[in-house]
Amino acid sequence: MSQTSEPEPAPPASKAGRTKLIAIVVAIVVILVALAAAAIYYFRLGGPCATPASLSDGPATVANPAWTAAPVIQSPEPTDKAIGSPTQAGTITVGFTISLTGRYTVEGTNSLRGLNATESWINTHGGITVGGQTYDVRLKYYNDQSDSGNVNQLYTTLIQQDGAQFLLAPYSSALTTAAAPIADGQDRVMMSHGGAADTIWTSTNRVNLVEVLSPASSYLKGSVDWIKANHSTDRIAVIHESDSFSTLAAQSAITYARSLGLTVVYNASYPTGTTDLSTQLNAAKLACADALIGGGHFNDGLLIMNQLKTTWTPKFVSLLVAVTEPSFQAQLQATANKVLGPSQWESGVTYSPALAQTTGIDWFGPTPAEFTQLYGTLNAGASPSYHSAEAGAALLVLADAIRRANSLNTAAVRAALGTMHIMTFFGEFQIDSRGLQVAHSMVVVQWQAGALKIVQPQDVAESPVQYPYTGS
Amino acid sequence: MADASVIVAQVIFGLIRGILLGCVFALIALGLNLVWGIAKVVNIAHGELVMLGAYGAYFLNLFLGFNPLLTAPIDAALGLAAGLGFYFAILHRELRGKEAITLQSEMVTLVATFGLSLAISNLANIAFTGNFVGIPFDAGSIEIGFLQIPLAGIYVAVLSVVIISLTHVLLNRTYLGNAIRAYSQDIPAAKLMGINPTAVAAIGTGLAFAVTMAGGAFLTTLFPTGINPYMGALYAPISYVIVVLGGPGRMWGSLVGGLTLGIVIDVGQIFLGVEIAYAVAFLLLIPVLLLRPEGILR
């Protein structure tokens with residue numbers, strides 16, 4: 001410290017004061033810049049109307065001239081859907097939480113849009129008739145912020161404070177697992193539209209939780225089937241999120257692949273919220289894998305694709321959940337091409353009243369084309385993802401169950417759900433005694449030149465699988 | 001490739017990746033080390049500074065199209081200003097006029113930064129939403145035999161070491177650096193040497209915030225979708241472990257600690273999985289605190 005060997009006089013007080021003043025001014029400027037940036041970002045998202053951050057009421061009725069002009073229910077038995085000229089009795093409140101922020105924002109937002117579309121369809125098609133009186137559906141929801149810790153309190157509020165008569169589960173298996181006990185504890189039917197882990201039903205004795213979508217164990221089987229049929233020597237690497245849904249989907253795929261004689265050379269999991277998977281991707285590459293399957297949800301699907309750019313180019317990539325979202329392609333552009341994924345539903349599926357009649361089951365609700373049109377009308381021309389469809393279908397099935405039960409009683413509606421075997425725009429609906437879905441089937445999709453195509457199974461495929469994946 | 005050679009290849013990649021990541025971890029921990037060493041403040045809001053640095057890079061890229069590597073100097077400037085503001089708004093009231101920084105002062109600043117941490121993360125959640133975002137930055141990669149190393153990792157690792165080196169030069173080869181070190185060692189003696197303790201402590205805090213936010217900007221190139229309001233919850237404990245490993249107040253200790261932790265995490269997850277690798281990395285604290293509380297360098 002030779003420089004300080006000759007003491008210098010302490011700075012005068014005025015100098016210190018000026019330094020302090022400058023520092024405070026600079027700090028204020030920084031804060032103002034940060035606030036301005038936050039404001040720009042907030043309004044760039046669309047302002048308060050785009051993604052309600054806390055409590056919101058869904059529209060009781062949605063004016064929609066374009067849809068009103070469209071054909072109404074195309075049911076093989078249309079007289080079943082309207083009973084005389086019922087009187088308007090009020091509303092049926094359907095409560096739920098949804099992830100409008102946090103890691104499930106994309107899936108949750110699209111689910112909500114699907115629910116709004118179905119709510120609109122029900123209310124503009126006579127509502128739900130119970131005991132000769134019609135009820136409109138009213139959605140009541142909170143943003144759970146993708147956090148299962150928020151779920152319990154919010155559902156209790158929905159039931160006790162907001163008077164929710166029926167419930168929809170949140171998005172994701174983790175949050176559905178947290179919400180499910182409330183359905184039995186508070187005696188409400190709860191429709192699961194985004195919780196696919198079989199263990200939600202198989203590990204407990206649930207009564208009021210009803211699954212609309214195909215279970216997690218079936219998600220990756222279509223991709224494995226394609227590998228077996230077309231490139232049976234390809235070695236498979238499985239890298240998946242360690243939540244219950246993704247683990248079940250991945251482990252079921254591994255078991256299934258091995259039962260078909262395929263080789264699984266690498267298997268690793270990663271925790272929810274992981275931000276780096278390059279070690280696992282390199283390990284899969286070094287294990288000489290040809291195909292990569294797994295993933296978890298939207299954010300980690302994007303992460304895998306982004307890190308594949310600099311680590312590995314497998315010949316075949318099939319990922320859970322993320323692939324079907326339009327924003328997957330929007331963010332990755334050409335990198336998304338030739339990536340496959342399982343889908344609960346696509347707008348190109350061929351479910352129709354005629355097919356239902358051929359199958360010998362009832363049809364209820366809009367056709368896939370009508371749902372897609374209504375969804376686009378309500379959402380500035382956007383196309384529904386399968387998250388939109390499965391959520392919309394959950395509300396539709398609930399409405400049909402209430403109508404069939406001709407009652408708002410939980411036990412009666414649950415009993416009606418247990419005996420129903422119907423077809424909607426989403427596909428078939430039938431559950432086993434536990435409430436687990438047994439009739440719905442999935443498709444496999446692939447991004448091809450910027451468009452999402454159904455590629456499996458063969459009888460509904462819009463295009464053959466493009467192979468190999470090239471990274472662009 | 002045989003099983004043994006696969007494992008060897010994985011370990012080599014893990015080592016390289018761990019070294020690259022460790023350099024960035026070291027830069028981030030350097031910020032904590034500086035404010036801990038100079039002002040004796042255990043900054044609980046350290047992780048939130050990393051988060052703000054990452055968001056700074058994100059917004060500069062989103063609105064102005066900045067390359068995330070070039071956002072680091074801007075982030076650092078913002079960090080410097082924020083550090084000066086933080087010092088005069090919070091620390092100065094507690095530290096001014098003190099001949100020595102007592103345990104009571106350390107507790108006051110610890111609780112104050114804890115409150116600041118909660119405030120920043122929750123305000124960020126409101127302002128930015130809880131959505132995970134990232135910067136679409138692809139600098140390419142180089143192939144060395146069977147290994148494919150992302151260039152972005154190399155760039156940020158080199159830049160991190162450069163910044164740590166410059167900080168070392170600043171602290172050891174300049175009047176300001178000597179003044180900062182003098183203040184951290186003996187406040188009354190520093191005053192007798194004509195050093196203004198307020199200015200030195202404020203600049204030291206600003207410097208700490210600057211390198212932390214620059215580190216946050218660098219992280220965005222490594223983790224393409226990992227920016228969110230609560231990301232600091234991971235990087236704050238990582239920084240504490242690094243500082244303890246390297247020794248509080250030792251600049252090069254941060255680098256040694258960062259490299260150690262980066263390698264443990266990246267190589268560990270090959271054999272143990274991600275969750276257990278992080279647990280092992282944090283468990284390193286216990287033997288180090290018991291056997292070498294002054295850090296592994298001495």
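These numbers were taken from a predicted model, which means no experiment stands behind them. Proteins get letters first, then strands, A, B, ... in listed order; numbering begins at 1 in each. All values below come from the heavy atoms of this structure, side chains included, with hydrogens, waters and symmetry mates left out.
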* To do: Would you check if there is a donor-acceptor pair between the side chains of A:His297 and A:Glu107 at a distance under 3.5 Å?
  => no
* Heavy atoms only, distances under 4.5 angstrom: which of B:Gly226, B:Pro224, B:Pro150 has the most pairs with chain A? Name it, please. => B:Pro224
* Asked: So does A:Gln333 have more than 12 non-hydrogen atoms from other groups sitting under 6.0 Å from CD?
  -> yes
* Salt bridge flag under 4.0 Å for residues B:Asp138 and A:Lys309 -> no
* To do: For A:Asp300 and A:Gly296, indicate whether the former's side chain and the latter's backbone hold a donor-acceptor pair under 3.5 Å.
  => yes
* Under 4.5 Å, heavy atom to heavy atom: which of residues 268-275 of chain B reach chain A? Give them by number, or say none. => B:Gln269, B:Ile270, B:Val274, B:Glu275
* Under a 4.5 Å heavy-atom cutoff, which of B:Gln10, B:Gln148, B:Glu143 has the most pairs with chain A? -> B:Gln148
* To do: Taking all non-hydrogen atoms of both residues into account, name the closest pair between B:Tyr183 and B:Pro197 and its distance.
  => CE1-CB, 3.6 Å
* Quick check: does any side chain N or O of A:Asn299 sit under 3.5 Å from a backbone N or O of A:Arg103, one acting as donor and the other as acceptor? -> yes
* Asked: Which of residues 269-284 of chain A have a heavy atom under 4.5 Å from any heavy atom of chain B?
  -> A:Ser269, A:Tyr270, A:Pro271, A:Gly273, A:Thr275, A:Asp276, A:Ser278, A:Thr279, A:Gln280, A:Asn282, A:Ala283
* Asked: Who among B:Tyr278, B:Phe132, B:Tyr230 has the most heavy-atom pairs with chain A under 4.5 Å?
  -> B:Phe132
* Asked: Under 6.0 Å between ring centres, would you say that holds for A:Tyr104 and A:Phe298?
  -> no
* A:Thr105 side chain to A:Gly102 backbone, donor-acceptor under 3.5 Å -> yes
* **Main-chain N/O of A:Thr335 paired with A:Tyr469 side-chain donor or acceptor, under 3.5 Å** => yes
* Heavy-atom distances under 4.5 Å only: say whether A:Ser146 touches chain B with side chain, backbone, both or neither. => neither
* Are the ring centres of B:Phe137 and B:Phe66 closer than 6.0 Å? -> no
* Asked: So what's closer than 4.5 Å to chain A heavy atoms on B:Ile142: side chain, backbone, both or neither?
  -> neither
* Answer yes or no: is there a side-chain heavy-atom contact under 4.5 Å between B:Phe25 and B:Leu21? => yes
* Exam field: side chain A:Asp290 to backbone A:Asp234, donor-acceptor pair closer than 3.5 Å -> no
